[in-house]
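Everything below concerns the one structure shown next.
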Amino acid sequence: MISIFKSKSEKEKLQKKYESLMKEWHALLNVNRKESDKKFAEAQLVLDKIESLNPN
């Protein structure tokens with residue numbers, strides 16, 4: 001039977017979080033440079049986690 005509510009993998013969850021952080025970073029870029037730098041750093045940490053999940 002096909003599951004309607006398929007759970008997301010860890011990689012998919014991290015990718016969604018990364019995209020959200022990058023949108024916040026972009027919105028803050030011209031308003032508050034210090035906060036935008038924090039968001040970018042958070043996004044980079046999430047990206048590192050995503051890359052560590054890849055079997056390369």
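Nothing fancy with the numbering, it's 1 onward along the sequence.
The ring-ring contact (aromatic ring centres under 6.0 Å, His included) analysis of residues 25-48, with sequence neighbours excluded, yields the pairs Trp25-Phe40. Among pairs with a residue in residues 19-34, those fulfilling salt bridge (charged side-chain N to carboxylate O under 4.0 Å, His left out) read Glu24-Lys39, Arg33-Asp37, at least two apart in sequence or across chains.
A continuous path of Ile, Leu, Val, Met, Phe, Trp and Tyr side chains, each step under 4.5 Å between heavy atoms, connects Leu47 with Leu53, placing both in one hydrophobic cluster. Two different hydrophobic clusters hold Met22 and Leu45 under the rule that ILVMFWY side chains link at heavy-atom gaps under 4.5 Å.
Residues that satisfy the salt bridge (Lys or Arg N to Asp or Glu O under 4.0 Å) test with Glu35, not counting sequence neighbours, are Lys38. By the side chain to side chain donor-acceptor pair (under 3.5 Å) test, Lys16 pairs with no residue at all, sequence neighbours left out.
For the pair Glu51 (side chain) and Asp48 (backbone), a donor-acceptor distance under 3.5 Å is absent.
Atom CD of residue Gln15 and atom OG of residue Ser20 lie 11.5 Å apart, to the nearest 0.5 angstrom.
Between Leu14 and Val46, the closest heavy-atom pair is O-CG1, 3.3 Å.
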